[in-house]
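Below: the structure, in structure tokens.
The chains referred to below are lettered A, B, ... by the order of the sequence lines, with proteins before strands, and numbering in each begins at 1.
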Number of protein chains: 2
Amino acid sequence: MNTLELIKKNLDTFSKSERKVAEAILASPETAIHSSIANLAKMAEVSEPTVNRFCRRLDTKGFPDFKLHLAQSLANGTPYVNRNVNEDDGPEAYTSKIFESTMACLNTAKNGLDTNLINRAVDVLTQANKISFFGLGASSSVAHDALNKFFRFNIPVSCFDDIVMQRMSCINSSEGDVIVLISHTGRTKLLVEVAQLARENDAFVIALTEANSPLAEQSNLVLSLGVPEDTDVYMPMSSRIAQLVLIDVLTTGFTLRRGAKFRDNLKKVKVDIQDSRFEKTNDEDF
Amino acid sequence: MNTLELIKKNLDTFSKSERKVAEAILASPETAIHSSIANLAKMAEVSEPTVNRFCRRLDTKGFPDFKLHLAQSLANGTPYVNRNVNEDDGPEAYTSKIFESTMACLNTAKNGLDTNLINRAVDVLTQANKISFFGLGASSSVAHDALNKFFRFNIPVSCFDDIVMQRMSCINSSEGDVIVLISHTGRTKLLVEVAQLARENDAFVIALTEANSPLAEQSNLVLSLGVPEDTDVYMPMSSRIAQLVLIDVLTTGFTLRRGAKFRDNLKKVKVDIQDSRFEKTNDEDF
DNA sequence: TTCTTTTATGTAGTTTTATTTCATTTTCAG
DNA sequence: CTGAAAATGAAATAAAACTACATAAAAGAA
């Protein structure tokens with residue numbers, strides 16, 4: 001956990017002198033990491049061993065080790081000990097908080113991913129006759145994004161955010177078809193039914209969803225992000241960002257698997273797009 | 001700049017022994033920050049003063065200071081000095097790289113944002129009679145995402161990824177209407193024309209795009225992300241993630257601005273959604 | 001090449017910094 | 001109060017980092 005938060009949280013478990021140290025650090029963490037133990041002791045008006053004991057109480061090896069931890073937690077850009085947005089946050093505050101919590105969320109997602117499963121998903125996708133991406137509501141923009149990416153591979157790919165179209169598409173599917181279902185919770189009834197329908201028609205179902213959810217149980221392969229519930233009360237945020245990055249990962253895996261010759265095709269698409277642009281550009285929106 | 005990258009970049013400016021130090025650090029940065037200067041010297045098979053000189057060459061005060069810098073750059077999540085995906089990366093490698101570069105990109109975006117402009121954008125949005133989100137190609141999923149969020153506010157909001165619909169919508173717009181245009185490069189000709197059309201019809205144009213681009217020049221307010229060009233050769237990735245987070249920021253600003261009573265409405269929408277779910281859920285996909 | 005100059009590197013000693021030990025003070029239950 | 005336990009700091013010790021200087025290697029000039 002973030003060292004700065006940890007100190008703040010444990011303020012009342014410290015002894016009198018140790019609290020002085022804690023307060024000196026909280027007052028100016030940047031100074032703390034650039035001070036020697038003697039210096040910090042003087043600032044906190046305690047003795048050096050007290051500072052040392054303080055460091056150990058926080059599960060570090062000693063003062064230098066503590067400084068390292070503290071430096072990392074400062075770098076991690078969490079000046080906001082509480083990352084949730086408050087009623088009275090200004091633009092500066094809520095902007096930082098949202099960016100930071102999104103980054104934290106991606107980090108969690110990264111650590112929670114099973115790369116073996118990703119590899120298998122890439123296997124399945126590269127061998128598919130047809131790929132479909134389905135999502136409902138907020139997840140539909142993730143599905144669209146996936147469509148936009150896989151579309152460039154010049155393989156049969158589709159995307160529906162209409163439940164009826166999704167069902168029809170499933171009914172028409174057959175072995176060799178891959179259906180990617182996107183749902184943060186994995187509990188949307190309609191989408192679980194789509195998964196069942198797809199499997200009844202021999203399609204392979206990959207789910208980007210929560211592990212152990214009803215949708216996960218109906219799927220052949222589950223890529224779960226292990227992302228904590230969205231902290232924001234009102235709508236899904238970070239979790240969907242993580243899904244999008246996962247799509248990027250799958251796309252990249254797909255590209256790599258297909259090899260060099262295949263990648264030339266992508267460049268052609270890109271060059272063509274540039275004609276619709278104003279001068280100077282290597283990038284694209286399409 | 002990131003210390004790890006800095007080391008890699010300056011590899012050839014170092015002397016022979018100093019390069020040994022650099023390589024020892026790059027080989028295992030985590031070990032490096034937990035070693036004493038003597039230890040690291042041994043690992044790199046050089047003398048202690050050489051390590052010290054190496055540190056100073058990187059503009060640090062000495063070894064402990066260098067460790068601090070290194071620790072911070074590790075915390076920032078960049079074990080992969082080279083963040084670009086290679087031909088021969090395995091799933092483990094490319095997954096990490098993509099997540100990490102996305103996080104790095106968000107960090108850059110965060111630092112480059114002008115919160116005053118965000119605040120103004122929120123102003124404009126809260127006072128709008130009608131809000132439209134337009135994007136083409138890959139940016140259209142960002143627009144959809146925005147629609148999905150603002151839709152909950154129970155205000156007139158629309159989203160088109162069809163250029164004809166976009167133009168028609170602009171022609172029908174009038175003062176008090178806000179049109180949000182999304183384009184990473186800001187150089188897509190058709191979208192620049194849409195911006196012109198919108199302004200001719202007295203709409204207020206907010207652009208999520210690159211500063212100083214043709215689109216930026218045609219807009220009333222530009223939110224530029226200052227995100228580096230996408231490193232991936234084939235398609236836009238991180239930049240669009242940053243745009244999505246920016247949408248989250250605008251949504252949050254909007255919610256906060258509207259005040260507490262307004263937020264009750266959001267909860268109602270959420271509770272209603274839950275009926276379409278399998279038990280246990282506080283989250284949502286819709 | 002060979003000698004000179006410059007630069008790079010390491011050894012050993014010095015200084016700074018951190019840690020341990022132990023004596024003193026404080027706290028608090030009985 | 002009193003005495004055990006905990007907290008604190010002074011001083012000594014140990015560890016780490018740095019400096020000065022000597023030597024070795026490399027580069028350049030004759």
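Taking atom CG on A:Asn52 and atom C1' on D:dA14, their separation rounds to 13 Å, with Å as the unit. The NZ atom of B:Lys20 sits 12 Å away from the C1' atom of C:dA8 (whole-angstrom rounding). D:dT19 atom C1' lies 9 Å from atom CZ of B:Arg56, rounded to whole Å. When rounded to the nearest whole Å, the span between NZ of A:Lys42 and C1' of C:dA18 equals 16 Å. Atom P of nucleotide D:dA16 and atom CZ of B:Phe63 are separated by 10 Å, given to the nearest angstrom. Remark: P of C:dT19 and CG of A:Asp65 are 9 Å apart, rounded to the nearest angstrom. Rounded to whole Å, the distance from CZ on A:Arg19 to C1' on D:dT8 is 15 Å. Taking atom NZ on A:Lys61 and atom P on D:dA15, their separation rounds to 11 Å, with Å as the unit.
Residue B:Pro49 has its side chain nearest to C:dA12 when only D:dA17, C:dT17, C:dA12 are considered. Distances were taken from every side-chain heavy atom of B:Val46 (C-beta onward) to each of D:dA17, C:dG10, C:dT9; the shortest belongs to C:dG10. Distance from the side chain of A:Lys67 is smallest to C:dA18 among D:dC18, C:dA18, C:dT9.
Here the two rings, on A:Phe63 and A:Phe54, have centers that are 6.0 Å apart or farther.
Comment: B:Arg57 engages B:Glu18 in a salt bridge, judged by a side-chain N to carboxylate O separation of less than 4.0 angstrom. The pair A:Glu100-B:Lys110 meets the salt-bridge criterion, since a charged nitrogen lies less than 4.0 angstrom from a carboxylate oxygen. Classification of B:Asp248 and B:Lys149 as a salt-bridged pair holds, one side-chain N sitting under 4.0 Å from a carboxylate O.
One finds a side-chain N or O of B:Thr50 lying less than 4.0 angstrom from the OP1 or OP2 phosphate oxygen of C:dG10. Residue A:Ser15 places at least one side-chain N or O under 4.0 Å from the OP1 or OP2 atom of D:dT8. Residue B:Lys16 has a polar side-chain atom (N or O) positioned under 4.0 Å from OP1 or OP2 of D:dA26.
Each of B:Thr3, B:Ile33, B:Leu40 was checked for a side chain to side chain contact (heavy atoms under 4.5 Å, CB included) with B:Ile25, and the lone residue meeting it is B:Leu40.
Using a 4.0 Å heavy-atom cutoff across all strands shown, A:Val51 reaches no nucleic acid atom at all.
Between A:Ile37 and A:Arg53, it is A:Ile37 whose nearest contact on DNA chain C lies nearer the 5' terminus.
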